[in-house]
Number of protein chains: 4
Amino acid sequence: MHVMIDLCIVPLGVGVSVSEYIAECQIIIKRTGLQSQLHPYGTVIEGEWDLVMGVVKQCHEKVHEMGAPRITTTIKMGTRTDREQSMQDKIDSVVEKLGTENR
Amino acid sequence: MHVMIDLCIVPLGVGVSVSEYIAECQIIIKRTGLQSQLHPYGTVIEGEWDLVMGVVKQCHEKVHEMGAPRITTTIKMGTRTDREQSMQDKIDSVVEKLGTENR
Amino acid sequence: MHVMIDLCIVPLGVGVSVSEYIAECQIIIKRTGLQSQLHPYGTVIEGEWDLVMGVVKQCHEKVHEMGAPRITTTIKMGTRTDREQSMQDKIDSVVEKLGTENR
Amino acid sequence: MHVMIDLCIVPLGVGVSVSEYIAECQIIIKRTGLQSQLHPYGTVIEGEWDLVMGVVKQCHEKVHEMGAPRITTTIKMGTRTDREQSMQDKIDSVVEKLGTENR
């Protein structure tokens, strides 16, 4: 099962700056070779369910290893059986509608 | 790694009523024997990471099998290494503070 | 417009224990008289949109006043025009299906 | 109070394709002049709290007007009093750490 997730990991108990933890998660994500896109409030990742969810677990393990005693994460996840739709397809689909309506 | 999640599964393409899908997910959750609590906007589940996340995958598979061509799910998930904290502990911790401040 | 939200406020930069902040938010919510239900990973609140969203803003203001320099909040929010549905209605709808399927 | 939100609006009861609804929301967001960034699983918007949350309300109203009888939305929202941080600042902060660690 293919899944697209929007992952936002928030370490607690390490002060207000969390970017070093997010950067380590980016490294983990990149190493898997999964398609991903960093945005200002999370990272969208797509691929086979077990690989993608494995990445989430690895990120939690890593962020704890780095010293965060507590983590709260928000994930949106989408699956569909009607057709394949990549991250770029989703963007294109909205932009195309925008083009039509702005004419 | 122990995890507590708040799971909200939303089937798309099946009309506005989604309770029969949520009910099937409740059955899956109950069968695992994991601690869980249904609330008006999701279900909180706690236990070992792989078991809990396995339940999420089973729910997606089941909801697709039931005919939903698309699913979008929102999950909040918390892990901590400093101490154990059950669902009831979290509630108690807030209620205890409330008691003190309401005196 | 009536809305039901699931509110999870997470103060950052104040250590791992956040229950005192959540308790203050509970007091704010209760004072409004809006229907609400605390669960282990958030609070479900329902009522008129502006009142409900006003509560969210007051909670952020209060948590900052209490000393949290940063807050990250996750909200699920539902509106519907087809019919009214309370928090209890949502629970009942799932439980009723469960009863039927468990026969 | 300045806020950054990640907004993901999901119309229910209108089939599996929701991009036309998202496109209308993009038009509403753009009209406000608020900084925003569309990504594959939502749109990040930043600005003054009341303006940003007003946009969310307008989007719900519009999507209902377009015929969706039910909407479920997921929002992540961040506020901070310690310093200003734009959407680009957040990205830069992570990318900078990545640069250092990849050396």
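All heavy atoms count here, side chains included; hydrogens, waters and symmetry mates do not. Letters A, B, ... mirror the listed sequences (proteins, then strands); counts begin at 1.
- Atom OG1 in A:T74 sits 12.5 Å away from atom CD1 in D:I75 (nearest 0.5 Å).
- Shown here is A:Q35, whose CD atom has no more than 12 heavy atoms of other residues, nucleotides or ligands within 6.0 Å.
- Within the 4.5 Å cutoff, side-chain heavy atoms of A:Y41 are placed close to those of D:K90.
- Heavy atoms of A:R80 lying under 4.5 Å from chain D belong exclusively to its side chain.
- Contacts of residues 1-8 of chain A with chain D at a heavy-atom distance below 4.5 Å involve A:M4, A:I5, A:D6, A:C8, listed in sequence order.
- Taken from CG in D:L98 to CD in A:E20, the straight-line distance is 12.0 Å, to the nearest 0.5 Å.
- Atom NZ of D:K76 sits about 4.5 Å away from atom NZ of A:K76, to the nearest 0.5 Å.
- Of the atoms belonging to A:V44, it is side-chain heavy atoms, and not backbone ones, that fall under 4.5 Å from chain D.
- When only modelled atom types and interatomic distance are considered, A:S19 and D:K97 share a side-chain donor-acceptor pair under 3.5 Å.
- Scanning residues 49-56 of chain D against chain A with a 4.5 Å non-hydrogen threshold yields no residues.
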